[in-house]
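Please read the structure below before turning to the comments.
Position 1 is the first residue of the sequence; numbering continues from there.
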Amino acid sequence: MIKKIHVKKGETVKVISGKDKNKTGKVLEVMPKTGKIIVEGINIATKHTKARKQGDVGGIVKNEAPIYAAKVMYVCDKCGKAARVGKKILEDGSKVRYCKKCNEVIDN
């Protein structure tokens, strides 16, 4: 089941719950099938890797792990606050997303 996600790749978001609460970051990847996103610098997971080939080095690698999209809020570029995202239809019939705090249209 594909879920609609309120943020898109490249947008800035703020984490509203969990261990990384109040941190902000840029969305790197959106996964609508699972309802999760990957945010830059958020939910860092450590992975121990083993050297597989001759010349490879093993060690501890840190990567961003996915988090649920419901745990983040869009940060508006105009007002700089975390806000909900709404959708409205303009006079010319085009459908756009807008910030519910400052009523500014989000440029896609």
Side-chain angles (χ1 to χ4, degrees):
M1 185 169 123
I2 296 176
K3 301 172 180 84
K4 294 246 182 184
I5 296 184
H6 62 283
V7 290
K8 295 185 178 182
K9 183 178 176 180
E11 293 181 341
T12 307
V13 293
K14 182 177 183 179
V15 181
I16 56 172
S17 69
K19 65 178 183 179
D20 293 320
K21 186 176 180 176
N22 294 327
K23 289 185 183 177
T24 58
K26 190 172 129 188
V27 177
L28 300 175
E29 189 180 339
V30 177
M31 296 171 270
K33 283 190 178 181
T34 57
K36 294 184 177 187
I37 59 172
I38 295 178
V39 184
E40 187 177 39
I42 305 294
N43 198 22
I44 301 293
T46 56
K47 183 179 180 181
H48 294 69
T49 59
K50 189 176 183 180
R52 296 289 177 190
K53 298 178 192 164
Q54 185 108 19
D56 280 358
V57 288
I60 300 171
V61 179
K62 296 186 180 221
N63 281 334
E64 290 98 354
I67 60 170
Y68 283 106
K71 291 187 170 219
V72 298
M73 283 185 87
Y74 171 77
V75 176
C76 182
D77 298 331
K78 315 290 194 285
C79 61
K81 297 177 185 173
R84 286 181 292 160
V85 176
K87 293 177 180 149
K88 64 181 171 184
I89 298 170
L90 299 177
E91 295 87 27
D92 61 349
S94 61
K95 196 174 188 181
V96 293
R97 298 185 316 142
Y98 72 99
C99 170
K100 286 199 170 183
K101 283 239 167 116
C102 62
N103 276 338
E104 287 291 325
V105 174
I106 300 167
D107 297 322
N108 298 13

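- Of the inter-residue distances, the one linking Ile67 atom CD1 with Lys19 atom NZ reads 10.0 Å to the nearest 0.5 angstrom.
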Intermediate values then yes/no, side chain to side chain contact (heavy atoms under 4.5 Å, CB included), Met73 and Arg84 | CA-CA 7 Å; Met73 283 185 87; Arg84 286 181 292 160; 4.0 Å; yes
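- Between the side chain of Thr24 and the main chain of Lys14, no donor-acceptor pair closer than 3.5 Å is present.
- Formation of a donor-acceptor pair under 3.5 Å by the Lys9 side chain with backbone atoms of Val30 is not found in this model.
- In this structure the side chain of Ile5 never reaches within 4.5 angstrom of the side chain of Lys36, judged on heavy atoms.
- No more than 12 heavy atoms of other residues, nucleotides or ligands lie within 6.0 Å of NZ in Lys50, so this atom counts as exposed by the packing criterion.
- Taking both residues in full, the closest heavy atoms of Asn103 and Lys88 are given as O-NZ, 4.1 Å, listed atom of the first, atom of the second, then distance.
- Note that CG of Asp20 and CD1 of Ile44 are 7.5 Å apart. Values are rounded to the nearest 0.5 Å.
- Residue-environment remark: NZ (Lys81) stays at or below the threshold of 12 foreign heavy atoms within 6.0 Å.
- Considering all non-hydrogen atoms of both residues, Cys76 and Cys102 come closest at SG-SG, 3.6 Å.
- For the atom pair CD1 of Ile38 and CE of Met31, the computed distance is 4.0 Å after rounding to the nearest 0.5 Å.
- Taking CD1 from Ile106 and NZ from Lys78, the interatomic distance works out to 8.0 Å, rounded to the nearest 0.5 Å.
- Across Lys71 and Gly18, no two heavy atoms sit closer than the pair NZ-CA, 4.5 Å.
- One hydrophobic cluster, built from ILVMFWY side chains closer than 4.5 Å, holds both Val85 and Ile37.
- Between Lys100 atom NZ and Lys87 atom NZ the span is 10.5 Å, to the nearest 0.5 Å.
- If you take OH on Tyr74 and OG1 on Thr12, they are separated by 7.5 Å, rounding to the nearest 0.5 Å.
- Criterion: ILVMFWY side-chain heavy atoms under 4.5 Å apart, direct or through other members. Under it, Val7 and Val15 are part of a common hydrophobic cluster.
- Nearest approach of Ala69 to His6, heavy atoms of both residues: O-CE1, 3.1 Å.
- Here the closest non-hydrogen pair linking Ala83 and Lys101 is CB-CG, 3.5 Å.
- Between the side chain of Glu64 and the backbone N or O of Ile42 there is no donor-acceptor pair closer than 3.5 Å.
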